[in-house]
Participant: 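This is the structure I want to talk about, given as structure tokens.
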Protein chains: 2
Amino acid sequence: MTQVNRRERDRSGTDRDIRRQARELLVTQGPQAVTLRAIARELGITAPALYRYYASREDLIAHLRADVCADLAVGLGKALAEVPQTDHIGQVLAICRGFRAWALHHPQEFALVFASPAAAPGENCAIAAADTGTESFGQIFLTVAGRVLATGILLAKPDEPVPTDMRADLTRFRDDLVVNMAATGVAVPSELVGVGTAYAMLRFWVRLYGQVALEVFGQFPFPVSDAEPMFESMLDDLVRDVGLR
Amino acid sequence: MTQVNRRERDRSGTDRDIRRQARELLVTQGPQAVTLRAIARELGITAPALYRYYASREDLIAHLRADVCADLAVGLGKALAEVPQTDHIGQVLAICRGFRAWALHHPQEFALVFASPAAAPGENCAIAAADTGTESFGQIFLTVAGRVLATGILLAKPDEPVPTDMRADLTRFRDDLVVNMAATGVAVPSELVGVGTAYAMLRFWVRLYGQVALEVFGQFPFPVSDAEPMFESMLDDLVRDVGLR
DNA sequence: CGCTCTAGTAAACGGTGTTAACTCCCGCCC
DNA sequence: GGGCGGGAGTTAACACCGTTTACTAGAGCG
């Protein structure tokens, strides 16, 4: 029993070490530096040993992605905990500001998780991270959104007009939202969340993501000495457009 | 004379071949496949020969970036030519749609030019590509904006309130805009373009970029079968918010 | 004790960027 | 025309990289 535990603890211990080292290399030297041999070297083992833990470098990177995602989620969770649960707008702002701050402080991770063309096909980690058992970053988003919805403050008229071609997708999204919220223990009257609500949330995310990505990649059309005022201004618009405040 | 030309033509000829091959590899096999040895192999030469043309792989990639940028610019220029010069809204829409279409059809290039963390520090190619003599992608944007402004249709009140902390940056941007437009032959009354105008253009770009990046990287919070309606909806909002239509 | 199973190793293969020394030939000057 | 400088290109080598194969050493279990 203890022996098995011992053995398994050793294994998962070095596994943790591997991912920690990979992460370290990623943040300090960029993605091209996270190499199997470098990780192994730093851990005092040899590169092929890593194949006991991951099928390939790509596999390791995928797990790294999930790790980054999970870390972001706990970070946002902490930021959220510092805002009273009754201050819903404050919670929304905290999430958005937290996401931006994280992205700016971890550009490599951001690029890896949120802007790598390889991640494009199929599901991604933004909301649904079904493969990793860990709570995903998107879960936090949805949880906060659920809390806001639960107060009866409408994000938008539940049946606000929506591009007709998107109605099917949005309906599915809405249904997912409802079950997701129920699963996280947030009771929200299901008639409050309609396709219009789902659409509003989508647009909210698009603009938040876009602003952050632009800032991280420095794609401003002119030199910007400090982008925070712009972010705050955008956030103000966003919160107003979506029906809060 | 001719001999010198001959020699130089040979040189710039193989230079063009190198970049063309690099480009080919980029689009067909992704960025990790654009390798010096592969390029050389395809050209029937050996890898070290490439060092006669570029100081390093990174240097080659940088030039590739500029090439991609320039190509996008001519592509957008063509799209623009198919819209009557008097249809200013149509021109704006053509540019935006062209940008999206290009990004979706060339995700690798898009990631390389518009979403690589390495490109972040300092100037980028979005607007100012002073190092490459070629017209940049941003020039097209500015030209169209200039045409719109020249008609007297305000993008926004020239002195619309602006985040105070951004005033200095925006003023510089405005000044750049004016000289840029003058240089491209678009006569625009300088009192029509104020910091508010500059701010409106910035916000326009942020939302366009954000939407396109999100779509290219597939970072939707749920499976979207067809993102075009959403793009069109966003475009509609954008054009209206900015004061056109 | 012996058996099994596994984390780890050593060696090797083919690929990479990069450097150094070397050809070879074009275009210029005398 | 005859040398010659210089640049395009080559070959060889170095130090990396991911990955595979065959192996070793040791822990846990009967």
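The sequence lines fix the lettering, A, B, ..., with proteins before strands; numbering per chain opens at 1.
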Participant: If I take atom CZ from residue A:Arg37 and atom CD1 from residue A:Ile39, how far apart are they, to the nearest 0.5 angstrom?
Facilitator: 12.5 Å
Participant: Using a 4.0 Å heavy-atom cut-off, write out nucleotides 12-25 of chain D from 5' to 3' as B (base contacted by protein), S (sugar-phosphate only) or - (no contact).
Facilitator: BB---BBBB-----
Participant: For the pair made of CG in B:Leu43 and P in D:dG9, what is the distance, rounded to whole Å?
Facilitator: 9 Å
Participant: How long is the line joining CG of A:Asp15 and P of C:dT6, in whole Å?
Facilitator: 16 Å
Participant: Roughly, in whole Å, what's the span from CG in B:Asp59 to C1' in C:dG17?
Facilitator: 14 Å
Participant: Distance check: side-chain N/O of B:Thr46 vs OP1/OP2 of D:dT10, anything under 4.0 Å?
Facilitator: yes
Participant: Do A:Phe99 and A:Trp205 have their ring centres less than 6.0 Å from each other?
Facilitator: yes
Participant: Rounded to the nearest 0.5 Å, how far apart are NE2 of B:His106 and CZ of B:Arg23?
Facilitator: 7.0 Å
Participant: Please confirm whether the shortest side-chain N or O distance from A:Tyr53 to OP1 or OP2 of C:dG8 is below 4.0 Å.
Facilitator: yes
Participant: Over how many whole Å does the gap from B:Ile45 atom CD1 to D:dT10 atom P extend?
Facilitator: 6 Å
Participant: One thing to verify: whether B:Arg172 and B:Asp176 come together as a salt bridge, which I'm taking to mean a side-chain N less than 4.0 angstrom from a carboxylate O.
Facilitator: no
Participant: Taking atom CG of B:Asp59 and atom CG of B:Leu64, what is their separation to the nearest 0.5 Å?
Facilitator: 11.0 Å
Participant: Ring pair (Phe, Tyr, Trp, His ring centres under 6.0 Å): which pairs involve residues 11-66 of chain A, sequence neighbours left out?
Facilitator: A:Tyr54-A:His63
Participant: When the distance from OH of A:Tyr54 to C1' of C:dA7 is rounded to whole Å, what number comes out?
Facilitator: 15 Å
